[in-house]
Amino acid sequence: MGGSKKNRKKPISPLPPTEIMNEDDSELMDDLLAQLDSRDQVVQAESASVLNEMNLNAQADSIEASSRQDAKSRFKARQARKAAALAQSYSPDDPAVQARLEKEARDEEDSIRRVCDQLSLEIHEINPDGHCLFSAVADQLALLGLISPAEATYTNLRVAAANYIHSHPDDFLPFLPSTGGEDGAGALDAGMMNREEFDSYCTSIRDTAIWGGEPEIVALSRAFNIPINVVQGGHPPIVVHSPAGDQKSGTATPASVMISYHRKLYGLGEHYNSLRKKVA
């Protein structure tokens with residue numbers, strides 16, 4: 001990335017979780033990320049410390065929970081999470097950082113388990129191998145009798161998601177950032193994929209271990225014509241994706257796929273588990 005031209009290292013106060021990241025915060029975050037690439041370990045440590053103080057995951061939570069779901073807001077949320085993960089990797093031995101991360105993981109797990117208890121569900125652990133979303137949904141579809149146990153593989157679910165997305169480009173292109181846009185190196189705007197990038201994206205979903213996310217949840221919900229309820233830490237505790245294409249928070253729908261979404265539990269990034277009915 002190279003050093004930051006502005007070279008700003010001013011201390012800032014942690015932002016409250018309800019405050020949405022403004023342009024100054026975004027600019028400072030970009031500057032600090034650039035400084036993590038410095039050969040000076042002191043600069044790296046100071047930059048990581050300030051980034052950790054910015055409560056970036058909490059800000060991403062606030063953005064995602066807000067009514068602003070435009071491409072720019074989604075871009076901010078993703079960049080904030082990337083910055084938080086990178087900053088934490090530069091201070092793995094910092095007791096204060098580790099204590100905070102462990103508390104966040106415990107709080108998230110407690111929140112998810114409270115919802116599970118209310119719904120008489122228990123977490124069925126899915127292997128954190130990059131295929132977790134597809135494996136979790138496959139497990140649920142088999143339990144619901146929509147596919148056979150032999151068909152309940154992440155391979156088959158990847159094919160189903162990729163095929164549905166590829167055959168409905170107008171439904172998904174507005175939500176898939178271009179590699180030269182918001183997720184690209186040095187990106188300054190939230191560009192959408194062109195057709196070539198879209199085809200490549202669908203191939204990656206089908207044939208690689210690239211992580212699945214919201215577009216794939218929507219695709220699977222529609223492909224199998226069943227709501228997918230996602231239990232998560234924070235607010236809202238349940239997000240319902242319906243085959244009709246709408247997304248809402250609130251009460252889990254009956255006869256639906258039930259999965260949990262973990263941001264912090266495994267320390268490996270985002271993860272999904274299957275939620276099964278508790279055995280009496």
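Reckoned from all heavy atoms, side chains included, excluding hydrogens, waters and symmetry mates.
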Nearest-0.5 Å distance, [atom1] of residue [X] to [atom2] of residue [Y]:
X	Y	atom1	atom2	result
Asp110	Arg106	CG	CZ	8.5 Å
Met193	Cys202	CE	SG	8.0 Å
Asn225	Ser242	CG	OG	9.5 Å
Gln140	Ser256	CD	OG	8.0 Å

Could you pull out the closest heavy-atom pair between [X] and [Y], with the gap in Å?
X	Y	result
Ala161	Ala219	O-CB, 3.9 Å
Ser135	Ile126	CB-CG2, 3.6 Å
Ile259	Ala136	CG2-CB, 3.9 Å
Pro149	Ala142	CA-CB, 4.4 Å
Pro243	Pro227	CD-N, 3.8 Å

Partners of [X] by side-chain contact (heavy atoms from CB on, under 4.5 Å), sequence neighbours excluded?
X	answer
Asn163	Val159
Asn127	Asp129
Thr153	Thr155, Asn156
Leu144	Leu146, Ile226, Val257

Those residues that, when tested against [X], pass salt bridge (Lys or Arg N to Asp or Glu O under 4.0 Å) (two or more places apart):
X	value
Glu104	Arg100
Asp207	none
Arg114	none

Does [X] reach the side chain of [Y], with side-chain heavy atoms less than 4.5 Å apart?
X	Y	value
Arg195	Pro169	yes
Tyr201	Leu176	yes
Glu197	Leu173	no
Leu157	Phe224	yes

Check this for me: does any side-chain nitrogen of one of Lys103 and Asp107 sit under 4.0 Å from a carboxylate oxygen of the other?
yes
Could you go step by step and tell me if Tyr261 and Glu270 meet the side chain to side chain contact (heavy atoms under 4.5 Å, CB included) rule? CA-CA 7 Å; Tyr261 171 50; Glu270 300 173 348; 2.9 Å; yes
inquiry  = Please determine whether side chain to side chain contact (heavy atoms under 4.5 Å, CB included) holds for the pair Val137 and Tyr272, giving the CA-CA distance in whole Å, both sets of side-chain angles, and the decisive distance to 0.1 Å.
reply    = CA-CA 9 Å; Val137 175; Tyr272 293 89; over 6 Å; no
Between Leu143 and Ile228, is there a shared hydrophobic cluster once you connect ILVMFWY residues whose side-chain heavy atoms come closer than 4.5 Å? no
By ring-ring contact (aromatic ring centres under 6.0 Å, His included), Tyr164 pairs with (sequence neighbours left out) His168
Practice task
Determine, stepwise, if the pair His241 / Glu214 fulfils side chain to side chain contact (heavy atoms under 4.5 Å, CB included).
Solution key: CA-CA 9 Å; His241 299 267; Glu214 187 169 336; 3.8 Å; yes
Between [X] and [Y], is there a donor-acceptor pair closer than 3.5 Å when you use the side chain of the first and the backbone of the second?
X	Y	answer
Asn273	Ile123	no
Thr203	Asp199	yes
Arg222	Ile165	no

- Message: Under the criterion side chain to side chain donor-acceptor pair (under 3.5 Å), I'd like the reasoning laid out for Ser148 against Glu151: C-alpha separation, chi angles, the key distance, then a yes or no.
- Response: CA-CA 5 Å; Ser148 69; Glu151 294 173 312; 3.2 Å; yes
Taking only distance into account, with no hydrogens and no angle test, what donor-acceptor pairs under 3.5 Å do side-chain atoms of residues 230-239 form with protein atoms, sequence neighbours excluded?
unit_1 : atom_1 : unit_2 : atom_2 : d
Gln232 : NE2    : Pro236 : O      : 2.8

Quick note, ring-ring contact (aromatic ring centres under 6.0 Å, His included) partners involving residues 117-155, not counting sequence neighbours, are His131-Tyr154
(message) Test side chain to side chain contact (heavy atoms under 4.5 Å, CB included) on His166 and Phe198; report intermediate values, then the result.
(response) CA-CA 8 Å; His166 193 260; Phe198 179 70; 4.2 Å; yes
Those residues at least two apart in sequence (or on a different chain) that pass side-chain hydrogen bond (donor to acceptor under 3.5 Å, both in side chains) with Ser260 are His262
Let me have the donor-acceptor pairs involving side chains of residues 115-122, under 3.5 Å, with sequence neighbours excluded, atom names and distances please.
unit_1 : atom_1 : unit_2 : atom_2 : d
Asp117 : OD1    : Lys278 : NZ     : 2.8

